[in-house]
Structures are given as C-alpha cells and as structure tokens.
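Scroll down for the structure; my scribbles are underneath it.
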Amino acid sequence: MFDTLLIANRGEIACRVAATARRLGIRTVAVYSDADAGARHVAACDVAVHIGGPEPRASYLRADAILQAARDTGAQAIHPGYGFLSENEAFAQAAADAGIAFVGPPASAIAAMGSKSAAKSLMEKAGVPLVPGYHGDNQDPQFLKTQADAIGYPVLIKASAGGGGKGMRVVESAEAFLDALASCQREAASSFGDDRVLIERYLQKPRHIEIQVFADTQGNCVYLFERDCSVQRRHQKVIEEAPAPGMTPERRQAMGEAAVAAARAVGYVGAGTVEFIAEPDGRFYFMEMNTRLQVEHPVTEMITGHDLVEWQLRVAAGQPLPAAQQDLRISGHAIEARIYAENPDKGFLPSIGTLAYLELPPHAAFVNGEVRVDGGVRMGDTITPYYDPMIAKLIVHGADRDQARARMIQALAHTHAVGVQTNVAFLTRLMQDDAFAAADLDTGLIERRRQTLLPTPADADATALALATAAVLVRQGQAQSTGLQAARPATDPWDVRDGWRLGGRYRQAVQWLDGDTLRDVAVAREGQAWTLACDGQPQAFSWRAQPSANPNLAYGLRIALDGRENAGTVVLHGEKAYVFREGRTQVLGLHDALAHAQDSQADHAGGLTAPMPGKIISIAVRAGDSVSKGQALLVMEAMKMEHTISAPADGKVQEVFYAVGDQVAEGAELVAIE
C-alpha cells in the first residue's frame with residue numbers, strides 16, 4: 001500500500017477518499033485553488049498544496065501543477081476522484097511516466113473508452129447492441145444534420161468526450177438541429193476541450209441502468225451489480241438506487257457479463273461503470289463507459305458492504321480484488337439523492353451564495369448504518385460559480401425499496417440550508433410521487449410528472465406563519481407559552497419565559513412578506529390563554545422551543561393551533577425566516593414598515609437581468625435590432641452549463657451592456673429592450 005496519496009479533486013469525493021485513506025493509515029495531500037483555501041477537503045487532508053486560480057482550467061485541470069504537487073510532497077499515488085482529470089489519458093500517462101501510481105485504469109483504457117464514438121465502434125465489433133446513430137469522425141454541421149434527418153427525430157446530440165449531462169441536447173425537429181448542435185459543441189469544448197459530437201435516436205421512455213465493474217492487474221474482473229439512474233433533470237442524475245427495480249436475475253447476469261466483457265476488451269483496471277439505456281421490453285443498448293468512480297457509487301457500497309475506494313487503492317497498489325464474483329451478494333435496497341444548490345422552479349438554475357446555515361441528518365460513515373451523508377461543504381462555505389453546486393449526497397439503506405424510500409423522506413426532512421436555494425423540497429415531492437413510489441421509472445419521469453413535482457409555489461399556511469412568529473417570540477426571550485408543558489419545568493417563577501405581563505394582557509403584531517403578499521399576524525395573551533390570528537382569523541396558540549444545534553440562529557419549535565400540534569425548525573437570518581417542515585421550505589420576509597418606507601419603487605420594466613453569476617459566451621443581437629418574443633439574445637455559461645437569455649416580448653434592443661467574455665453578477669442588467 002502507499003505511504004502518501006495525493007487527491008487531485010475537491011468537494012465530497014476528496015473528503016470521501018481522504019477518510020478511507022486515513023482508515024488505511026495513508027497520509028493524504030489535498031490540492032486547492034484560490035476559491036478553495038478554506039474548503040472542507042483541505043482540512044480533511046494532512047497536507048495541502050495551492051495549484052492556481054478559481055477557474056478549473058487555472059487549477060484542477062492543470063496536470064502540470066498537480067504532478068508537481070505530487071513530486072514536492074512525495075506522493076506515491078494520485079487519486080483523481082471524478083470529473084476534472086479523472087478520465088484524461090494524457091494525465092494518467094504523465095503520472096505513470098513520473099513513477100506515480102494513477103488510481104484508475106491505464107491510459108490505453110481511458111483512450112479506448114474516452115471517446116463515445118470510438119467506444120461505440122469498439123462495442124459494435126464486440127457484438128454489444130448499440131442505439132441506432134452516427135458515431136463517425138465527420139463533424140461537418142450539414143453532414144451531421146443529414147445523418148440526424150436519416151435517423152429520424154427526435155435525436156440526441158452528445159459530446160463525444162462528454163459526461164455529466166454536459167454537451168448534450170435533445171432535438172425535436174430538423175429546424176432546431178443546427179442551433180442545438182452549435183450550442184452543444186460550445187459546451188463540449190468548454191467542459192472537455194473537445195467539440196466532437198455523436199448523434200443517436202432518442203429512445204422513448206428509456207431507463208438508464210449502469211453496471212459497476214472492477215478489475216485488477218491479475219486478470220480478475222467482476223461486476224458489483226447495477227444501479228438505476230433513470231431519474232434525471234437536464235440529462236444529469238438526481239436520484240440513483242441499487243438494485244434496479246424490476247430487474248430479473250437473468251437480465252442482471254446478462255448486463256453484468258456484457259459489462260465485464262467490455263472492460264476486458266480494453267484491458268481495464270480499477271473501478272469503472274458501463275452504462276446502458278434500456279427499453280421497457282427489456283432490450284438494452286451500450287451507451288458509454290465511465291472510466292472512473294461514479295458520484296453514485298455509495299448505493300453500491302450500501303448493498304454490497306464493500307468500500308469501493310478501498311478497493312481502488314488496493315488494486316492501484318497491485319493487490320488482487322478483495323472478492324470474487326461468487327462472493328458478491330445484494331443486501332437490501334439503497335437510494336441516493338443529490339442535494340444541490342439550485343432552483344427547481346427556475347429550470348434548476350444553480351444558486352450561488354454562502355451557506356449561512358447548514359444542518360444535515362444524523363448519519364453513519366461509509367457502508368454502515370441506515371443513513372449516510374457524503375458532503376464536501378460546511379456551514380459558512382460559499383457555493384461559487386466555478387464548480388458543481390452539489391452540497392451533499394444523502395444515501396439511505398433499507399430492507400427493501402419502500403423502507404429505503406421512507407428513510408430518504410425522513411432524511412430530507414432533517415436537511416436544512418440557508419443562503420442558497422436547494423432542491424430538498426423537490427426531492428421530497430419526488431420521493432412521495434406515486435410514479436416513483438410504484439417504480440414507474442424512465443429518464444423523462446421529471447418532465448412527465450412536472451405538474452406534481454414542480455407545482456406553482458403555494459402561499460404560506462397558518463402553520464408556517466405560526467412557526468415563523470413563534471421563532472420571533474423565542475428570539476425576543478419568550479421561550480414558551482403557557483399552553484405547552486416545558487421539557488424541564490422551571491423551579492423559580494422568575495425563570496419562566498412565557499410572555500407574562502403584570503396586567504395579564506399582551507399583544508404583538510407581526511407582518512410577514514409572503515412572496516409579494518403582506519400577511520398580518522397578531523399574537524395576544526389574555527390571562528393564561530394565547531391566540532394567534534392569521535389574516536384576521538384567531539386560533540388558540542401555544543409554542544415551545546426545543547433544543548437546536550445552533551440556538552443563536554435556528555429554532556426548533558413545537559406549536560399547537562386550536563389543539564393541532566406541529567413541529568418545525570425556523571432559521572432567522574437577516575430579514576427572513578426560513579421555515580423547515582416535513583421536507584418543505586417556506587421563506588418569509590419579516591416586514592418592517594418604517595425601515596422600508598423609503599425603498600425605491602423604480603420601474604425596471606424592459607431590462608433583462610442575469611439569473612445567476614456567469615460569463616457571457618455569445619451575443620446574438622446589438623442595439624437597434626428588432627426582436628421577437630422568445631428570440632435568443634445571448635448565452636451565459638455558469639458551472640459549465642449554458643443558459644440562454646431570451647426576449648420576454650417583441651421589441652427593439654436599446655442597449656447591450658456586456659461583451660463576450662465578460663463575467664457578470666446575479667441580477668446584473670444585460671440587455672435593455674424598448
């Protein structure tokens with residue numbers, strides 16, 4: 001085994017690798033950029049080395065800087081994590097040439113599977129079924145359009161060197177093909193330094209099923225069963241589970257053996273994933289091979305009981321696989337949910353900001369326990385526009401799928417973040433959705449169930465308003481009302497903080513801004529009885545503060561309205577109350593009429609603003625141009641994804657405020673339209 005391991009990545013995977021290495025007695029080295037000096041993965045390692053600026057091309061994609069860091073620290077091996085340089089054959093070869101073990105496959109295997117087109121040709125020769133499409137070298141746009149026309153729409157354009165949903169577009173018609181191709185190529189070039197694409201028939205209601213394979217240098221190769229990754233948004237996985245619902249033993253064996261054959265065909269070593277697209281009738285087609293560890297590897301660990309990172313390190317050190325195929329078993333069911341800083345109500349746009357508050361459910365590490373959290377950020381960290389906006393991964397295990405799903409709902413209910421928008425409420429609705437519960441899965445599930453999963457935001461109900469108001473009262477010093485028994489009754493009447501007044505009467509009015517609506521709440525005490533009136537409707541009210549992990553910011557509360565009890569957590573941050581209840585989040589503004597009396601009511605109509613921080617990569621209009629509603633005006637790039645800004649109505653461009661290459665802040669006015 002190695003004495004020193006350099007981890008050429010960041011975030012949760014760097015923390016995950018560091019923990020396993022520490023358990024094995026291996027010294028770890030972190031690398032970090034200007035944006036990551038105080039990051040969690042830096043603190044998790046024994047040594048840290050600065051490698052450059054915040055943009056990936058200036059740091060985490062700099063093979064020379066990472067190799068120099070390995071030399072300077074005496075690292076004998078490099079773990080690439082996933083993303084960045086993990087599937088870069090030149091980096092793997094450079095490490096080998098420097099006498100440093102690359103914790104992954106040989107460069108030749110990465111080369112063989114690194115190009116989707118080349119990999120499909122290889123699989124075709126090996127007799128693995130492929131989706132009809134074009135995987136050749138001719139990248140002329142008109143030629144590619146001719147191929148798409150012949151395949152028949154809808155078609156899927158995919159970056160040949162791609163992954164993670166980047167450089168991928170579904171095209172519904174011939175008229176939309178060339179624009180989608182250009183956008184796909186730009187995104188592919190930005191993310192992978194390679195703008196080549198392939199085209200495939202877009203399958204209707206397919207499932208995305210992948211097989212975890214592992215090979216060693218002694219010629220052994222096994223499959224550790226399958227994962228269902230069908231639930232996706234923007235071609236990126238949201239939920240992963242193992243085993244795949246409805247999988248028969250015969251089909252599992254057929255897919256597993258096909259995956260092992262694919263790995264053997266390229267002389268594979270280490271952890272890899274062979275991804276298949278499956279039709280409802282059971283037919284499956286090779287899609288691609290990811291020559292690295294996958295984000296969703298924890299669900300495989302949970303059902304097999306094996307630490308795949310430990311397997312990686314042992315194989316890279318020349319040791320044989322820890323288990324043979326006949327030794328591997330499936331135990332129970334596991335589900336993983338990716339907690340992202342994003343806004344599902346706005347097309348899952350990334351959300352940038354500082355995590356003013358972060359609470360994750362109680363959990364166990366690695367393969368033990370019912371709930372596991374793999375995270376790469378801490379409270380106080382900033383989600384930047386430079387890297388993937390994942391906050392953490394929740395992984396749960398149950399005796400069966402229903403129990404695992406119930407545990408995931410509970411885990412999501414204990415996941416609270418303030419400072420960025422998250423997808424927690426969306427994930428809760430997804431777990432509770434009838435189609436998901438029935439395992440009616442396909443890659444279009446989210447779009448198919450859009451009305452249920454992405455409903456119009458509802459007004460805050462009386463319970464949410466009461467919880468927010470109770471938090472304000474607790475912050476003022478009234479830890480409980482008289483209606484709920486305290487957990488530990490006070491022995492001195494002067495220690496009771498229940499709002500008692502000498503005259504026996506008390507009244508306080510609170511105004512909450514619920515979206516654009518002002519909601520009036522009044523709490524009153526008459527003798528021992530409290531009432532709370534929401535929008536003029538009084539109800540008997542009582543509350544009690546409960547222990548909180550951060551009592552100066554978050555308030556655990558139990559309230560009763562007309563005898564109906566509810567519990568929740570409220571975070572008071574700035575002028576807002578974040579009400580967390582049963583996996584849902586309600587954001588209310590504490591309205592101070594005097595403080596806002598002088599607020600400007602300037603009319604900003606006609607301006608188009610940036611929905612997030614990002615870089616302008618394309619501008620399609622200039623001052624004086626007439627535009628139509630829905631016409632693309634410019635394209636922004638944030639977190640390696642493209643976002644098109646379109647005209648909200650017919651009009652005339654008065655001014656374009658930025659140029660291609662400019663970095664803009666969220667809310668910056670981009671274009672003025674008359």
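Residue Leu181 holds its CG atom at 8.0 Å from CD of Gln139, rounded to the nearest 0.5 Å. Atom CD in Glu447 sits 13.0 Å away from atom CD in Gln232 (nearest 0.5 Å). Atom-to-atom distance recorded for Ile335:CD1 and Met408:CE is 6.0 Å, nearest 0.5 angstrom. Interatomic distance, Leu453 CG to Leu445 CG, rounded to the nearest 0.5 Å: 6.5 Å. Separation of atoms OH (Tyr340) and CD1 (Ile383) is listed at 11.5 Å; rounding is to 0.5 Å. Atoms CD and CZ, on Glu336 and Arg372 in that order, are 8.0 Å from each other to the nearest 0.5 Å.
Taking all atoms of both residues into account, the shortest heavy-atom contact from Ser331 to His397 is O-NE2, 2.8 Å. Nearest approach of Cys221 to Ala263, heavy atoms of both residues: SG-CB, 4.0 Å. Contact between Ala112 and Val266 at its shortest, heavy atoms only, is CB-CG1, 3.5 Å. For the residue pair Arg57 and Ser190, the shortest heavy atom distance occurs at NH2-O, 3.0 Å. Closest heavy-atom contact between Thr422 and Ala417: CG2-CB, 3.8 Å. The two residues Val171 and Ala176 make their nearest non-hydrogen contact at CG1-C, 3.9 Å.
Scanning for side chain to side chain contact (heavy atoms under 4.5 Å, CB included) contacts around Gln631 gives Val621, Val627, Ser628, with sequence neighbours left out. Every residue two or more places apart in sequence or in another chain that forms a side chain to side chain contact (heavy atoms under 4.5 Å, CB included) with Cys184 is listed here: Ile157, Arg169, Val197. Among residues two or more places apart in sequence or in another chain, the ring pair (Phe, Tyr, Trp, His ring centres under 6.0 Å) test is passed with Tyr153 by none. Legend: residues meeting salt bridge (Lys or Arg N to Asp or Glu O under 4.0 Å) with Arg448, ordered by chain and number and at least two apart, are Asp440, Asp442. By the side chain to side chain contact (heavy atoms under 4.5 Å, CB included) test, Asn88 is found to be paired with Leu85, Ala90, Phe91, residues two or more places apart in sequence or in another chain being considered. Scored by the ring pair (Phe, Tyr, Trp, His ring centres under 6.0 Å) test, Tyr285 finds no partners at all (sequence neighbours excluded). Taking Arg584 as the reference, Glu582 meet the salt bridge (Lys or Arg N to Asp or Glu O under 4.0 Å) condition, with sequence neighbours excluded. Residues satisfying the ring pair (Phe, Tyr, Trp, His ring centres under 6.0 Å) criterion with Phe214, sequence neighbours excluded, are Trp311. Under the ring pair (Phe, Tyr, Trp, His ring centres under 6.0 Å) criterion, Tyr202 pairs with no residue at all, not counting sequence neighbours.
No side-chain heavy atom of Lys346 sits under 4.5 Å from any side-chain heavy atom of Ser351. Using a 4.5 Å heavy-atom cutoff, the side chains of Met390 and Val295 are in contact. A heavy-atom distance below 4.5 Å is not found between the side chains of Glu210 and Val274. Put simply, the side chain of Phe177 reaches to within 4.5 Å of the side chain of Ile199, judged on heavy atoms.
Ser230 places a side-chain N or O within 3.5 Å of a backbone atom of His208 that can act as its donor or acceptor partner. Side chain of Asn343 to main chain of Asp345: a donor-acceptor pair is present (N/O by atom type, distance under 3.5 Å, no hydrogens or angles). Side chain of Asp216 to backbone of Asn220: a donor-acceptor contact under 3.5 angstrom is found. Side-chain atoms of Glu200 never come within 3.5 Å of backbone atoms of Val155 as a donor-acceptor pair (strictly under, hydrogens ignored). Looking only at distances, a side-chain donor or acceptor of Ser86 sits under 3.5 Å from a matching main-chain atom of Gly83. The backbone N or O of Gly81 sits less than 3.5 Å from a side-chain atom of His79, completing a donor-acceptor pair. Using a distance-only test at 3.5 Å, with no hydrogens or angles considered, a donor-acceptor pair links the side chain of Asn9 to the main chain of Pro80. The backbone N or O of Pro280 sits nowhere less than 3.5 Å from a side-chain atom of Arg283 that would complete a donor-acceptor pair.
Among the candidates Lys237, Lys120, Arg227, the single residue satisfying the salt bridge (charged side-chain N to carboxylate O under 4.0 Å, His left out) test with Glu275 is Lys237.
The local environment of CD in Gln326 is crowded, with over 12 non-hydrogen atoms from other residues, nucleotides or ligands closer than 6.0 Å.
Look at Arg10 and Asp388 and you find no salt bridge, because none of the NZ, NE, NH1 or NH2 atoms lies under 4.0 Å from a carboxylate O.
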| field | Glu296/Lys393 under salt bridge (Lys or Arg N to Asp or Glu O under 4.0 Å): CA gap, chis, key distance, verdict | value | CA-CA 9 Å; Glu296 57 272 20; Lys393 301 183 305 193; over 6 Å; no

| query | Taking it one step at a time, do Arg449 and Asp434 satisfy side chain to side chain contact (heavy atoms under 4.5 Å, CB included)? | reply | CA-CA 10 Å; Arg449 303 286 294 175; Asp434 291 342; 4.1 Å; yes

| task | Could you check His333 against Ile303 for side chain to side chain contact (heavy atoms under 4.5 Å, CB included), going step by step and ending with a plain yes or no? | result | CA-CA 6 Å; His333 197 94; Ile303 66 165; 5.6 Å; no

| request: Please test Arg429 against Asp433 for salt bridge (Lys or Arg N to Asp or Glu O under 4.0 Å), starting from the C-alpha separation and ending with a verdict. | output: CA-CA 6 Å; Arg429 292 191 294 269; Asp433 180 72; over 6 Å; no

| field | side chain to side chain contact (heavy atoms under 4.5 Å, CB included) between Glu342 and Arg233, worked out | value | CA-CA 12 Å; Glu342 65 183 12; Arg233 52 77 174 130; 2.6 Å; yes

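Judged as a salt bridge (Lys or Arg N to Asp or Glu O under 4.0 Å), the pairs with a partner in residues 400-409 (not counting sequence neighbours) are, in order, Glu241-Arg401, Glu370-Arg407. Sequence neighbours left out, the pairs with a member in residues 246-273 that pass salt bridge (Lys or Arg N to Asp or Glu O under 4.0 Å) are Glu226-Arg252. Listed by first then second residue, pairs satisfying ring-ring contact (aromatic ring centres under 6.0 Å, His included) with a partner in residues 246-278 read Phe276-Phe284, not counting sequence neighbours.
A donor atom on one side chain and an acceptor atom on the other are found under 3.5 Å apart for Thr291 and Glu87.
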